[in-house]
Structures are given as structure tokens and as C-alpha cells.
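Below is one structure; the comments refer to it alone.
All chains are named by letter (A, B, ...) in the order of the sequence lines, taking the proteins before the strands, and each is independently numbered beginning at 1.
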There are 2 protein chains.
Amino acid sequence: MTRPLRVAAVQVGRIDRDTPRVEVLARLTALLEEAASKGVQLAVFPEVTFTTFFPRYVFTPSEATELNAFYEVEHPETGIVGSTNVKAFFERANELGVDVVVGYAEKSPEGTPYNTASYVSKGKVLSKYRKVHLPGTSEPVSDPNATNQLEKLYFRPGNLGFQAFRAPHLKHETRSPIVGMMICNDRRWAEGWRCYGMQGTEIMCIGFNTTAYAPLLWGSADMTQDQSRVEAIFHHKLVVQSNSYSNSTFCITSARCGWDDGKFELITGSMIVDPNGHIVAENKTDGDEVVVADIDLDACVQGKTKMFCFEKHRRPEHYGLISERAGVVEPEEVA
Amino acid sequence: MTRPLRVAAVQVGRIDRDTPRVEVLARLTALLEEAASKGVQLAVFPEVTFTTFFPRYVFTPSEATELNAFYEVEHPETGIVGSTNVKAFFERANELGVDVVVGYAEKSPEGTPYNTASYVSKGKVLSKYRKVHLPGTSEPVSDPNATNQLEKLYFRPGNLGFQAFRAPHLKHETRSPIVGMMICNDRRWAEGWRCYGMQGTEIMCIGFNTTAYAPLLWGSADMTQDQSRVEAIFHHKLVVQSNSYSNSTFCITSARCGWDDGKFELITGSMIVDPNGHIVAENKTDGDEVVVADIDLDACVQGKTKMFCFEKHRRPEHYGLISERAGVVEPEEVA
């Protein structure tokens, strides 16, 4: 190994609507300490890690206080988010010398809600990402058996784009790893991956909350819970492995999983994927778990300089459709 | 099934450098007739189907005649390519009422060489595609154990972009399927898939010739033939399944496979993939074979209107990097 790094996908199990934040933070801190004790240098936590995945609930006007409490606000100087407990978590990461990626619901200083992840190193936010591809709807679904996914109601699309950055705390000699972050549904969209690939990204960090039972999204109404879970994990792995391969990057992807409130199942699928698209480590449980792998960042070089040497092979003159409009225009029907 | 279609990936086995074209054409015609006898309405043949995959050879100046004979030129009226034998093949497809996609080396009327596929229906070329992503090199490689891949020498990058089109011969009531074509290495590039996705494509047709042994592209120098073949097929399936899923399209993908000249192995992997990324039919042999599946084009609707409803979820304001330059620009190193 010429540029070794020990990394972890930190999987976080069941968190209920009424689980106290202090309890969640205690679990996250224990996972962080476990990672540190194993020599992990970079630990990636899931999406919306500090609370349950609240976009599944409809909040009535009288529940506004509960809804608001799910969001964090950042400290004006460090950029570190929120409440006292959350602050203590980042301080502990700093003490332990572990770089962390953590997802959380954010209210910006202007009050705009985002689904956010921060890369925190040595007690400072090195980079922040706000989820671009919000799935779901802005109105509750009418089917009483379907789980709501109200991200379009509770968040706005990220306004920071896909900004790769260097992680100097993980530097080898003169070269710091190039890191990118996305969140959950973003992983299904090749555009975000490619924007990071175009910046030479070597480690993608992606936390997620993915509903196990969503037959109307990827199956038929008569799909069982088991069938739906298998399909959801199949799609998750497929897009992460394929896009890691075609952008010659490692990916650390971490699940918030388990049966929240005892009735809303989220898939597992925490894993570390290499630049050839192979899974090098993955979760063994459906609860709190630290998935560790030793990776060599120089394993990205072969792909980036041969099969996927963008400079030699890409033809941007034919890619205009991708950035010039959002939606589909079908060719005209013919006689 | 509300919009049923019977389709075939037509796999074509070993063809040597000196295999007479009349012999290849007889095999292709037999495969076409087998497909027709099984009720196939659309048959997709591989890349550079009429000859061996000649970009693996270095041709000396004295071999210019042999090199030139690998290319087809199109008929000025029908758009149908080339030699008498090739013409007979398309006439037979017309008699049998089968729409075909066939790949071949093309010299344009201006003499420019392209790696081309044509969609031929009822004796006419309905659409033509010229491979955009040419892999390999324009100079022979120095390693005597490596197989040359001189596509950048023998072809120019396609100048037609990614143009989806309607196939009226396969129409159901008022709606003709929307079809797209790519060739071989194109399937590894999400950009082409997405350009077709942006046009509502329901069937991607992709022929390929993929070297089984290329350790310097995706492995290490000590990789065995078996290991390399397994890796090549893994990558092939990964990108086809993932991009079919994330563009909610069927894909028919056909291999030129086998041990050309008894020493250059090409992978198999002919298959039909559905819009959820699942393989619904695939090759059982490593030779000439018709892989048939009954598909329902309306299976594309769920993905196109929910998870991958582009109008609702895409954010083109953040995709500029993809179309504004070819290559990588890394973030600056930090102290």
C-alpha cells in the first residue's frame, strides 16, 4: 500500500420518534470511540444521524415545536452544528483525532432547511454538503399503507453543488485525499458522482436512510416486506458499486437502519466499495456497527489514468442535454 | 402485459481475421432466421458484426487493402451498408419482418471511419449511431503481451451524438417504442445513457466486443485469464444493470465473443435487462446464440414517473461540470 488509510462506515440502528437526543448522541459517541480504538482515521456516519428520519411523519400545526427540534443550527465561528450534545460529539472526535462525516437536518442562518452533511476535522467544518436530489413529495401520499417521504416539504434542494475538497489531516507526504459527499438518494443520480469524478475524487462519503418497504417505488402493490427489502438493497449496492467503478473512486456508505418506532423499516447496506466496484467490507448486523476497511488511495490511479481517463475519452460536446434542462423531451411520434 | 414486445440479443461467436465475410453473413442470416422463427420483433446484433474485431491488429502499409476491406460504405438511397452479402442480410430481415440493430465499421461518404450501428426496419435505415467513446489508443502498446485496442487509430469519435428515435414498426396502438443505440465502451459512460434517458428511451441497444484479458486496464499484471474474464463480465453487467435502472429503460446487449484466431478471447454477457436493473434473459453458451425475452415496455413507466421522474428530481443547475470540459481539475492542495 502506498497511500493507506483506515476508514469506517458507521452504521446506526433503530432510533424512534421519541428517542431522546442525548441517548442517540451517547450511542454515536460509543461508535466513534470504537472506531478510534480500531485506528480508524475517517468515519462516515449516516444521513440525519442525530434523530429519527422525521420526513416520514406529517406534523400538525400544534406539533411545530417537535418538528423544529429536529433541525440543527450551526455555530457562527466553527461552523459546527447545534445543541450542546452534538457539540460534545464533535469535540470528542477532535480529541480522538478522527475525521468524521455526519449528516443532520440543518436550518441555515437564514432559516432555510437543508438535508446536510459536514466533514469535520480537528474541530472545524472542512466542507459542508447539502443534499441536491430530494426524493419523495411535498404533500402527504393518499395511500394509508404507504410511508410518507416528505423531504420536498421539510427541506430545500441543496444550494452548494458538488464541491470536492482536500482532507489535509489524512495527507500522505505532499498529497491530501480528495473527498466528496452526497446524501442518500443522490447516490442514484450519476450526475453528482460525475461532478465529483471531474474533480478527481478518491473517497465518496454517503450516508442514507432508505425505506425497506416501498412497493410503489420499485415493485408492485403485492410485494412482501422481504421482497421489497431485497430489491431496495439490490438497487443501493448496484448504483454505489457502478458509480464507484465508473468514477474510479472509493465509497464509504453508511446506513441508518432498523425498525424505527418498531414499524418503519430502513435497510442496512453499510459498506466500503473500491474503485473497481467491489465491496471490500460490509455490515454484518442490522444495528449499531462499525464497518472497518484498510484502503489504498492509489488503487484509484489505474482507473483514472486508463479506462476512465476523462481527458482522453470524454466527449462533452455531446452531453449538452444533461445540463440544459431538467426533464424529458421525447422524440415525436411517427406515422 | 400492456405493451408487449419479443426481443433478442443475438450473440455471435468466434470470427477470425481470415474468416471469409460470406461465411460470417451465412451465420448471421441463420441467427436472424432462428430469431424470426421464435417470433422475435427486434434483434440486436453485436458491434463490428460482419468481421473479426480488427482494431486488435497493427496493419503495415502493405496490408492497407486488408484493412480497408473491414469497412462498409452505405448505399446512397437506402442508407444500407455495403457489400453484396451485407445487403442480402438486410433484405432477409425485411422479408422476415424483423427490425435489426447491427454494428459495423463504416467509411462515411467523405471517407471518415466510424464504429457504427444502424437500426434497420423494413429495408431502410431508421437511425444510425456512431460510437462516441472510443477506447484504447492511437498508437500500438509497447507491452508484447498486451492486446492492442487501436480504435482511436482506426475510427473517429462519433459525430451524431445520442439521438433517440421512434420505431414505428413496433408500435402499439398510437405509441411507438423509443429506442437508443450505443456501442461497447459507451455503456461504461453514464453520460450517453442519460442523454437517451432525457429523451424517454425505453429500449437501449448495445453491441460489444470486450477483451477478456486486459489486466492493465482493470487488474494487476499477475491476473490470470480466468480472473480477468470474471472481472470484465462483472464490470459489463454492473454498468448495464445500473444505468438501465437509473434511466428506467430496457437494455438489449449483445456480445461478439469467443476465441478469435484461437488466441484473442472476447467475453460473453449477452443479455436483456429490465428497467429495475434485473437480467431477464442471458446467454448460455460462448458461441452463436439467440437470447430471447418477452418484455413489456410499460414496465418503464414506474421508474420514469416516480424514483427517476427527471422533471421533479433533477437539478441541472449543478451539472455544469459534466458538459463544460472533458477532463479533471483537482481541488488545490492545502497546507
Side-chain angles (χ1 to χ4, degrees), chain A residues 132-135 157 161-162 164-166 168 174-176 178 188-191 193-195 197-200 216-218 231 234-235 238-239 241-243 245-246 276-277 302 304 306-308 310-311 313-316 318-335, chain B residues 132-135 157 161-162 164-166 168 174-176 178 188-191 193-195 197-200 216-218 231 234-235 238-239 241-243 245-246 276-277 302 304 306-308 310-311 313-316 318-335:
Chain A
V132 166
H133 299 100
L134 297 176
F162 305 101
F165 58 94
R166 299 272 185 175
T174 61
R175 186 165 166 80
S176 308
I178 304 174
R188 304 183 200 272
W189 298 84
E191 290 89 343
W193 288 90
R194 185 64 98 220
C195 288
M198 297 288 297
Q199 298 169 81
L216 299 181
L217 273 182
W218 50 71
E231 186 75 348
F234 167 70
H235 286 152
L238 185 61
V239 294
Q241 293 182 262
S242 178
N243 286 290
Y245 164 61
S246 58
N276 273 315
Q302 189 174 47
K304 286 184 192 297
K306 300 216 181 228
M307 183 72 88
F308 296 107
F310 293 168
E311 288 82 350
H313 303 312
R314 292 181 83 250
R315 291 281 151 192
H318 296 301
Y319 306 155
L321 272 186
I322 293 171
S323 50
E324 77 194 22
R325 66 173 193 242
V328 169
V329 177
E330 296 183 347
E332 278 184 29
E333 192 52 82
V334 283
Chain B
V132 166
H133 299 100
L134 297 176
F162 305 102
F165 59 94
R166 300 273 184 174
T174 60
R175 184 165 167 81
S176 307
I178 304 174
R188 302 183 202 272
W189 298 84
E191 290 90 342
W193 288 90
R194 184 64 98 221
C195 288
M198 297 286 298
Q199 298 168 82
L216 299 182
L217 273 182
W218 50 71
E231 186 75 348
F234 167 70
H235 287 151
L238 185 62
V239 295
Q241 292 181 261
S242 178
N243 286 290
Y245 164 61
S246 58
N276 274 314
Q302 190 174 47
K304 287 184 192 297
K306 300 215 180 231
M307 183 72 88
F308 297 107
F310 293 169
E311 287 83 349
H313 303 312
R314 293 182 82 251
R315 291 281 151 190
H318 296 300
Y319 306 154
L321 273 186
I322 293 171
S323 51
E324 77 195 22
R325 65 173 193 240
V328 169
V329 177
E330 296 183 347
E332 279 184 28
E333 191 53 81
V334 283

Revision key, fill the gap. For Pro331(B) and Gln199(A) the tightest heavy-atom approach is CD-O, 3.2 Å
Revision key, fill the gap. When every non-hydrogen atom of Arg314(A) is compared with those of Ile322(B), the smallest separation belongs to NH2-O, 2.8 Å
Check your understanding: Can Arg166(A) and Glu332(B) be counted as an ion pair, charged N to O under 4.0 angstrom?
Key -> no
Review point. Salt bridge check: are Arg175(A) and Glu330(B) linked by an N-O gap of less than 4.0 Å?
Key: yes
Heavy-atom check, side chain of [X] versus side chain of [Y], under 4.5 Å:
X	Y	answer
Glu311(B)	Val328(A)	yes
Glu333(B)	Thr174(A)	no
Arg325(B)	Pro316(A)	no
Leu321(A)	Cys195(B)	yes
Pro168(B)	Val334(A)	yes
Trp189(B)	His313(A)	yes

At a 4.5 Å cut-off on heavy atoms, which part of [X] comes close to chain A: side chain, backbone, both, or neither?
X	result
Phe234(B)	side chain
Phe165(B)	backbone
Pro135(B)	backbone
Leu134(B)	backbone

Option that, when pairs with chain B are counted at under 4.5 Å, heavy atom only, ranks first among [options]:
options	answer
Gly197(A), Gly200(A), Ser176(A)	Ser176(A)
Arg188(A), Gln302(A), Glu231(A)	Gln302(A)
Glu324(A), His133(A), Lys306(A)	His133(A)
Ala326(A), Ala190(A), Ala164(A), Gly327(A)	Ala326(A)
Phe162(A), Phe308(A), Tyr245(A), Phe310(A)	Tyr245(A)

Revision key, fill the gap. Rounding to 0.5 Å, atoms CG (Leu217(A)) and CE (Met307(B)) come to a distance of 5.0 Å
Revision key, fill the gap. So OG of Ser323(B) and CE of Met198(A): to nearest 0.5 Å the spacing works out to 9.0 Å
Exercise for review: State whether the side chain of His235(B) and the backbone N or O of Asn276(A) hold a donor-acceptor pair below 3.5 Å, judged by distance alone.
Suggested key: yes
Revision key, fill the gap. Given Ser246(B), Gly320(B), Gly161(B), the one with more heavy-atom pairs under 4.5 angstrom with chain A than any other is Gly161(B)
